[in-house]
Amino acid sequence: MLDIKLIRTNPDQARAGLAKRGVEELVDDLLHLDQERRDRLTTVENLKNKRNVVSKEVGRLKAAKSDATELINEMKQVNEEIKKLDREIKDVEEKINNMLLSIPNLPQEDVPVGKDEKENVEIRQWGKPREFAFEPKPHWELGEELDILDFDRGAKLSGARFTVLKGFGARLERALINFMLDLHINEHGYTEIFPPFLVNQECMVGTGQLPKFEEDMFKVNPEGYFLIPTAEVPVTNLHREEILEAKDLPKKYVAYTACFRAEAGAAGRDTRGLIRQHQFNKVELVKLTTPENSYQEHEALVRDAEEVLKRLGLPYRTVLLSSGDMGFSASKCYDLEVWLPSYGVYREISSCSNFEDFQARRANIRFRPEPDAKPDFVHTLNGSGLAIGRTVAAILENYQEEDGTVTIPEALVPYMGGITVIK
RNA sequence: GGAGAGAUACCCAAGUCGGCUGAAGGGGACGGUUUGCUAAACCGUUAGUAGGAGCAAUCCUAGCGAGGGUUCGAAUCCCUCUCUCUCCGCCA
């Protein structure tokens with residue numbers, strides 16, 4: 001959510017930022033409604049002051065056994081007016097709020113302006129895609145042949161975009177979760193969180209999934225709960241409506257959760273394999289920082305996520321998203337893309353965003369810069385560290401042998417109970 | 001699911017019959033006096049927050065779990081909801 005005060009005092013900055021995302025015309029509507037709200041507010045507050053003063057006077061008169069009928073009648077009139085104005089203010093505020101909740105974040109200065117992913121900028125590459133002496137198979141073929149991925153039974157149990165992991169497939173999934181958690185906890189200094197997978201609506205508004213993207217979410221039947229699309233939601237919302245101490249920042253959290261996405265609008269895309277599932281596992285990094293430190297914390301977070309790919313020996317590249325490809329809440333976002341031999345392309349495996357105070361304002365997460373200072377909004381950041389299903393796909397494809405077996409990356413062997421090959 | 005109790009400021013807690021109660025009294029924290037130092041004692045300070053007006057000093061509005069209602073006036077009366085706790089039942 002953008003700051004209405006920023007829009008009020010600096011409308012051109014808001015216009016310029018939103019122009020990069022093609023929604024700048026909303027600024028004038030907002031300014032108009034804001035003015036309307038403040039005019040009415042001033043009027044009604046004066047009336048309320050009058051009511052407070054007169055009511056005390058009534059009390060005094062009654063105590064003195066004097067007649068207060070005239071004042072009481074006068075206040076009845078005033079009350080009618082207050083009620084009317086209060087209603088109007090409430091309506092305007094609701095409009096303003098709904099607009100603010102639907103306006104995307106402003107991109108940072110160094111975000112490339114562009115329409116879509118074609119205008120993303122590659123920042124760096126790591127590792128060399130392996131030269132195969134044979135035709136590399138897609139991970140779903142490898143998985144089925146090794147009897148570790150069962151797409152048909154996933155479909156039988158649940159439907160399309162659900163997969164059953166079996167034997168070393170299940171073990172590999174679990175090994176990756178533990179490997180990533182351990183790395184981030186022990187070497188990168190994150191605190192592990194295991195949050196609920198169902199959250200209430202306030203959380204979803206807080207991180208920006210609602211109100212705009214409800215159709216992407218799974219809603220649960222006894223009303224009021226949503227399945228989380230990412231651990232970002234519960235973990236960022238841990239500190240919703242709180243005021244943190246500056247000395248406790250940055251907060252660095254890592255969480256494994258399952259993630260649930262309706263994938264509305266993705267029909268027909270990535271229908272085979274593990275790339276796009278309704279349910280998938282992810283280890284997520286979340287940071288809450290002061291505004292001054294958020295940019296360097298963002299870079300560090302990207303490095304923490306990259307380290308996972310390095311340890312696993314998976315070639316990847318880091319891409320800075322253009323303004324058009326960035327998510328709704330982000331002010332700046334790097335994607336990590338892993339090499340998938342069967343596709344012959346780099347595919348997104350992690351998305352690392354700085355939201356600045358956009359989510360913090362929605363979720364009302366603040367900190368006190370100095371012991372007695374006014375609270376200010378924190379900056380929130382997060383990134384996958386990494387998406388487990390896509391990592392499994394990448395390992396199967398990059399580490400496959402001609403005979404259809406898959407070598408286990410060295411870093412993972414201890415987590416796989418010592419086995420070095422899936423065959 | 002059944003029965004009950006509760007939610008007031010940093011914490012505990014009072015709040016009478018609705019009216020100088022935006023909140024008694026403790027504790028804690030902070031400041032001071034005393035002291036060689038510490039402790040003790042004594043004195044003092046201690047809503048935070050959001051919003052609005054103003055160049056500013058400052059003023060105003062909201063706020064006693066949340067949302068409504070009654071009333072000239074609500075922490076106090078009425079309704080709805082949320083959460084916490086106790087007991088019983090059920091359950092991994």
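In what follows, chains are A, B, ... by sequence order, proteins preceding strands, each numbered from 1.
- Counting to the nearest Å, the P atom of rG73(B) and the CG atom of Asn73(A) are 12 Å from each other.
- Between the CE atom of Met1(A) and the P atom of rA50(B) there is a distance of 13 Å, rounded to whole Å.
- When heavy atoms are screened at a 4.0 angstrom cut-off, Val54(A) is found touching no nucleic acid atom at all.
- For the residue pair Leu274(A) and His139(A), the shortest heavy atom distance occurs at N-NE2, 2.8 Å.
- Among the heavy atoms of the strands, none lies under 4.0 Å from Asn46(A).
- Where Ile4(A) and Arg60(A) meet RNA chain B, the nucleotide closest to each residue was compared, and Arg60(A) sits on the side nearer the 5' end.
- Counting only heavy atoms from C-beta on, Lys5(A) has its side chain closest to rG52(B) among rG52(B), rC72(B), rU49(B).
- Ranking rU49(B), rU70(B), rA62(B) by closeness to the Lys48(A) side chain, first place goes to rA62(B).
- Summarising the geometry of Val308(A) relative to Met180(A), their closest heavy-atom pair is CG1-CG, 3.8 Å, with the distance given to 0.1 Å.
- Map Ile243(A) and Lys90(A) each onto its nearest nucleotide of RNA chain B; the residue landing nearer the 5' end is Ile243(A).
- Using a 4.0 Å heavy-atom criterion, one finds that Arg8(A) contacts the sugar-phosphate atoms exclusively.
- At rG48(B), none of the side-chain N or O atoms of Arg368(A) fall inside 4.0 Å of OP1 or OP2 (strictly under the cut-off).
- Considering Val92(A), Ile96(A), Leu31(A) as possible partners of Glu36(A), the one that fulfils the side-chain contact (heavy atoms from CB on, under 4.5 Å) test is Val92(A).
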Give the intermediate values and the outcome of side chain to side chain donor-acceptor pair (under 3.5 Å) for residues Asp335(A) and Ser351(A).
-> CA-CA 4 Å; Asp335(A) 274 5; Ser351(A) 198; 2.8 Å; yes

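- Between Lys5(A) and Arg8(A), some side-chain heavy-atom pair lies under the 4.5 Å cut-off.
- Counting to the nearest Å, the C1' atom of rG73(B) and the CD1 atom of Ile72(A) are 9 Å from each other.
- A side-chain donor from one of Asn293(A) and Thr290(A) sits under 3.5 Å from a side-chain acceptor of the other.
- Heavy atoms only, all atoms of each residue included: Gly385(A) and Ala305(A) are closest at CA-CB, 4.5 Å.
- Base engagement by Lys62(A) is indicated by at least one non-hydrogen atom pair under 4.0 Å involving a base atom.
- The CD1 atom of Ile96(A) sits 15 Å away from the C1' atom of rA50(B) (whole-angstrom rounding).
- In this structure, CG of Asp39(A) is placed 18 Å from P of rG51(B), rounded to the nearest angstrom.
- Using a 4.0 Å heavy-atom criterion, one finds that Arg40(A) contacts no nucleic acid atom at all.
- Across rA50(B), rG52(B), rG73(B), the shortest atom-to-atom separation from the side chain of Leu41(A) is found for rG52(B).
- Here Lys50(A) lies out of heavy-atom contact (under 4.0 Å) with every strand.
- Checking rG68(B), rC72(B), rU49(B) against the side-chain heavy atoms of Asn79(A) singles out rC72(B) as nearest.
- In this structure, the nucleotide among rU70(B), rU61(B), rG73(B) sitting nearest to the side chain of Glu45(A) is rU61(B).
- Annotation for Gln359(A) and Phe355(A): closest pair OE1-CD1, 3.4 Å, computed over non-hydrogen atoms.
- Dashed line: the shortest gap from a side-chain N or O of Lys374(A) to OP1 or OP2 of rG48(B) is not under 4.0 Å.
- Nucleotide rU49(B) holds its P atom 14 Å from the CZ atom of Phe367(A), rounded to whole Å.
- The Arg366(A) side chain lies nearest to rA50(B) when the options are rG73(B), rA50(B), rG19(B).
- One atom, CG of Asn49(A), and another, P of rC72(B), lie 19 Å apart when rounded to the nearest Å.
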Given pairs defined as Watson-Crick or G-U wobble with both distances under 3.5 Å, what dot-bracket annotation applies to RNA chain B, with ( ) intrastrand, [ ] crossing, | other strand and . unpaired?
-> ((((((((.[[[..)...(.....]]]((((((.......))))))..(((((....)))))..[[[[[..)....]]]]])))))))....

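- Checking the phosphate oxygens (OP1, OP2) of rU21(B), no side-chain nitrogen or oxygen of Lys56(A) falls inside 4.0 Å.
- At the phosphate of rG52(B), OP1 or OP2 sits under 4.0 Å from a side-chain N or O atom of Arg37(A).
- Among the heavy atoms of the strands lying under 4.0 Å from Asn52(A) are primed sugar atoms or P, OP1, OP2 only; no base atom is included.
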Evaluate salt bridge (charged side-chain N to carboxylate O under 4.0 Å, His left out) for Lys219(A) paired with Glu214(A), printing each intermediate quantity in order.
-> CA-CA 9 Å; Lys219(A) 234 177 165 165; Glu214(A) 185 161 359; 2.7 Å; yes

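- As judged by a 4.0 angstrom heavy-atom cut-off over every strand, Leu71(A) is placed among residues making no nucleic acid contact.
- Atom CD in Glu93(A) sits about 8 Å away from atom C1' in rG51(B), given to the nearest Å.
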